[in-house]
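The structure appears below as structure tokens.
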Protein chains: 2
Amino acid sequence: MNTQPIIKHFSTYLPLNQQEIAALESAIIERNIKRKQFILQEGDICKHYTFIVQGCFKMYKVDNYGNEHNLQFSTEDGWIGDLGSFYSEKKSELYIEALEPSIIFQIAKPDLLHLFTNHPKFNIKFRVLVENAFIQLQKRILQNISSTAEERYVDFIANHPGLFNRISNVQIASYLGITPEFLSKIRKELASK
Amino acid sequence: MNTQPIIKHFSTYLPLNQQEIAALESAIIERNIKRKQFILQEGDICKHYTFIVQGCFKMYKVDNYGNEHNLQFSTEDGWIGDLGSFYSEKKSELYIEALEPSIIFQIAKPDLLHLFTNHPKFNIKFRVLVENAFIQLQKRILQNISSTAEERYVDFIANHPGLFNRISNVQIASYLGITPEFLSKIRKELASK
DNA sequence: AAAGAAGCTTAATATAGATTAAGACTTTAT
DNA sequence: ATAAAGTCTTAATCTATATTAAGCTTCTTT
């Protein structure tokens, strides 16, 4: 198991010493995930924090009409998981599914709590991780309550230059909260400008 | 200065010892805020984490057309602040304004970082605070991309039983991302059901 | 007490975005 | 290699929500 990607991920923010690296390595499990494979399904309890070494995932909810609504995408060097379910240990309402063949590292809750207790640095790193994710979500909420679909699409493309060539417009529409047909219309209008 | 409310707030989650209470007390500044008074304005850097002892605040953005969009309300026993500006030390795009005469405790950034470094318990508490806020925001995003305005209003009322009698419908409409006129129409339809 | 500001509602009209349906194209699985 | 599944687009029609404007009511300030 090549743990370099996650060690690098942590060390960029706060360098880890040998002890901390060893503790981290003993907490992670490597998994290979196929395209379309789920790592979380509605009704499951989310038991792991997942770090993506390679690949791409979507996290979404299926509503009462069977429609999917994408809450989040994550790729290399990012994290994914249903924090609500993870901490409350209640059933999740979300699915997490691989959009590409992927390699992930997972940390189970007891192992994460052990890291928090014995190596304060991880506590800090995860506080900062969640703070940053929170700040991003706030921006998205503001956009959702104050911008048109076209503005949101333009902004999504600008802020996710990597993703745009990697996932389908159907997935992007679901993230923006619009139908694929309307996204197609928006793209046509933008092209003619 | 009666610091009981904030000590109780922390102790409910993780009891504080005498040392920690003393450290917390020396970090906080009490302020009385009048109705319509700002504790943050666009262009300011957010220098404090704010705990609300009594009263009610809204945090909002003013868009290019001069329209306000409410991102968050907070009341007694809650926190408010622009975390993005607080941690990045960049200018905020948000306003935080009292909707009622209020009493707050503020912790300046150096004092908070000092607490984080010297009393790990605060690190944990603030990680959990942000995690919970993050989980709530995720639910709100899901609702925004998957529900009608009527569903969002019904849900807002159900989840904020205290607020509903306390703030105007204009403020609620701004939070939901709709116009006050349309909210009025929704309320009429709900009443006739 | 009076004046002004803010809040709530109604209604007519306009627009953003959804729905339905269909056809062409591309990718994936057998 | 072929069928099946998924993708993208177009267009017609429909619906949710915005805009504008007006009138009435309730707070807030002097």
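Just so we're on the same page: letters track the sequence lines, and every chain starts at 1. Please read all numbers here as calculations on a predicted model, not as lab measurements.
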On the nucleotide C:dG7, are OP1 or OP2 found under 4.0 Å from the side-chain N or O atoms that B:N169 carries? no
Starting from P on D:dT9, measure out to CG on A:L183 and report it in whole angstrom. 8 Å
Roughly how many Å is it from CD1 in A:I186 to C1' in D:dC8, rounded to a whole number? 14 Å
The nucleotide from D:dA21, C:dA18, D:dA16 with an atom nearest the side chain of B:E181 is D:dA21
Categorize A:S168 for me: base, sugar-phosphate, or nothing, with a 4.0 angstrom heavy-atom threshold over every strand shown. sugar-phosphate
Just the rounded figure in Å: distance from C1' of C:dT19 to NZ of A:K185. 12 Å
Residues from residues 143-165 of chain A lying under 4.0 Å of DNA chain D - heavy atoms: none
Which nucleotide sits closest to the side chain of B:F182: D:dA18, C:dA11, C:dG17? D:dA18
So which atom in A:I186 and which in A:A149 form the shortest heavy-atom distance, rounded to 0.1 Å? CD1-CB, 3.8 Å
Whole angstrom value for the distance that separates C1' of C:dA18 from NE2 of A:H69: 13 Å
B:I178 CD1 - C:dC8 P separation (whole Å): 13 Å
Integer-rounded Å distance: C:dT27 P and A:L99 CG: 16 Å
Answer yes or no: is there a donor N or O on one side and an acceptor on the other, between the side chain of B:H160 and the main chain of B:F156, under 3.5 Å? yes
For the side chain of B:K61 and the backbone of B:L71, is there at least one donor-acceptor N/O pair under 3.5 Å apart? no
Taking the side chain of B:R187 as heavy atoms from C-beta outward, which of C:dC8, C:dT10, C:dA16 is closest to it? C:dC8
Starting at CD of A:Q171 and ending at C1' of D:dT7, how long is that distance when rounded to a whole Å? 11 Å
Looking at A:N17, is its backbone amide N or carbonyl O close enough to the side chain of A:E20 to form a donor-acceptor pair, meaning the two atoms are under 3.5 Å apart? yes
If you compare every side-chain N and O of A:T179 against the phosphate oxygens of C:dA18 (OP1, OP2), does one of them come in below 4.0 Å? yes
Looking at A:S85 and A:K90, would you say the former's side chain and the latter's main chain have a donor-acceptor pair under 3.5 Å? yes
Nearest-Å distance for atom pair NZ/P, residues B:K34 and D:dT29: 11 Å
Nearest to the A:K36 side chain among C:dT19, C:dC8, D:dG6, which nucleotide is it? D:dG6
Taking the side chain of A:V170 as heavy atoms from C-beta outward, which of D:dC8, D:dA11, C:dT10 is closest to it? D:dC8
Same apolar cluster (I L V M F W Y, side chains within < 4.5 Å links), A:I6/A:V130: yes
Here the pair of heavy atoms bringing B:E68 nearest to B:S174 is O-OG, 3.2 Å
